Amino acid sequence: MVNLDLLLQTAEYAAKKHRDQRRKDPEQTPYINHPLGVTRLLTSAGITHLPTLQAALLHDTVEDTDTTVSEVCTVFGLEVATIVKECTDDTTLPKAERKRRQILAAPTVSLEAKRVKLADKLYNLRDLLRTLPLGWTDERKLEYFAWAKKVTDGCQGACPPLEDQLKQLYQEVLGV
Ligand SMILES: Nc1nc2c(ncn2[C@@H]2O[C@H](COP(=O)(O)OP(=O)(O)O)[C@@H](OP(=O)(O)OP(=O)(O)O)[C@H]2O)c(=O)[nH]1
Ligand SMILES: [Mn+2]
């Protein structure tokens, strides 16, 4: 049985961290909708492991806010902090290098981090089909799909229900 109090405490913490951020869509959706949606994809896929769900809620806090891995570790423990760290790009690197490293790192991360990565990409791809972020072209959308496939290919076997949904999207959009 999942500890709902701890799960909701984590959601509240993530909401506070992302409170000033919006998604890049024209409606400027509150950013927290993304981590919540990523977590929901995992629960829909049958994942009930609490640290995985907590890490999904927190997965963009270190990359996109003032939060540190050590703070996550102090508040939520090493297991959650480790998964969040595995899902965090080194933002001091140029974007192309970050993207290249995600492809290389995906097969090397833990099962739990692979699951969060699969859900993160699935959410973002569905979001891209719903509406283009401001300033994005169709070409950039297709590039994101092609890159996301390379990352999620490295997470194979971690969560078949999410992989099936991704496979269908890649077939529809990329024809592969
Ligand atoms: N599809 C979509 N994405 C949006 C939107 N608003 C913010 N994003 C975020 O933008 C990132 C994808 O855009 P990129 O151009 O690849 O990355 P950037 O953040 O370095 O600009 C994702 O970050 P991420 O979750 O950290 O994942 P990723 O960088 O590992 O892909 C995604 O969550 C939106 O409205 N639609
Ligand atoms: Mn994300």
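Atoms within each ligand, like the ligands themselves, are counted from 1 in listed order. These numbers were taken from a predicted model, which means no experiment stands behind them.
- Transitive grouping of hydrophobic side chains (ILVMFWY, heavy atoms separated by less than 4.5 Å) brings V176 and L118 into a common cluster.
- Because the distance cut-off is set at 2.8 Å, C87 fails to qualify as a neighbour of the Mn ion (ligand 2), as none of its N, O or S atoms comes that close.
- Taking the charged nitrogens against the carboxylate oxygens, R101 and D90 have no contact shorter than 4.0 Å, which rules out a salt bridge.
- Using a heavy-atom distance under 4.0 Å as the criterion, the protein contacts of ligand 1 are R23, K24, D25, Y31, H34, D60, E63, K95, R98, K99, Q102, D120, K121, N124, D127, L128, P133, W136, R140, Y144, W147.
- L93 is not connected to V109 by any chain of hydrophobic side-chain contacts under 4.5 Å among Ile, Leu, Val, Met, Phe, Trp and Tyr, and they are in different clusters.
- Here K99 does not pair with E143 in a salt bridge; the nearest charged N to carboxylate O distance is not below 4.0 Å.
- With Q168 contributing its side chain and D164 its backbone, the two residues share no donor-acceptor pair below 3.5 Å.
- Sorting the N, O or S atoms of D60 by how far they are from the Mn ion (ligand 2) puts OD2 first.
- Checked against the Mn ion (ligand 2), the N, O or S atom of D120 at the shortest distance is OD1.
- When hydrophobic clusters are built by joining Ile, Leu, Val, Met, Phe, Trp and Tyr residues whose side-chain heavy atoms come closer than 4.5 Å, directly or via intermediates, L169 is grouped together with L42.
- Between the Mn ion (ligand 2) and E63 there is no N/O/S contact shorter than 2.8 Å.
- Checked by atom type and distance alone, the side chain of D89 never pairs as donor or acceptor with a backbone atom of T91 at under 3.5 Å.
- With the Mn ion (ligand 2) as vertex, H34 NE2 and H59 NE2 subtend 90°, rounded to 10°.
- The backbone N or O of C159 sits less than 3.5 Å from a side-chain atom of E163, completing a donor-acceptor pair.
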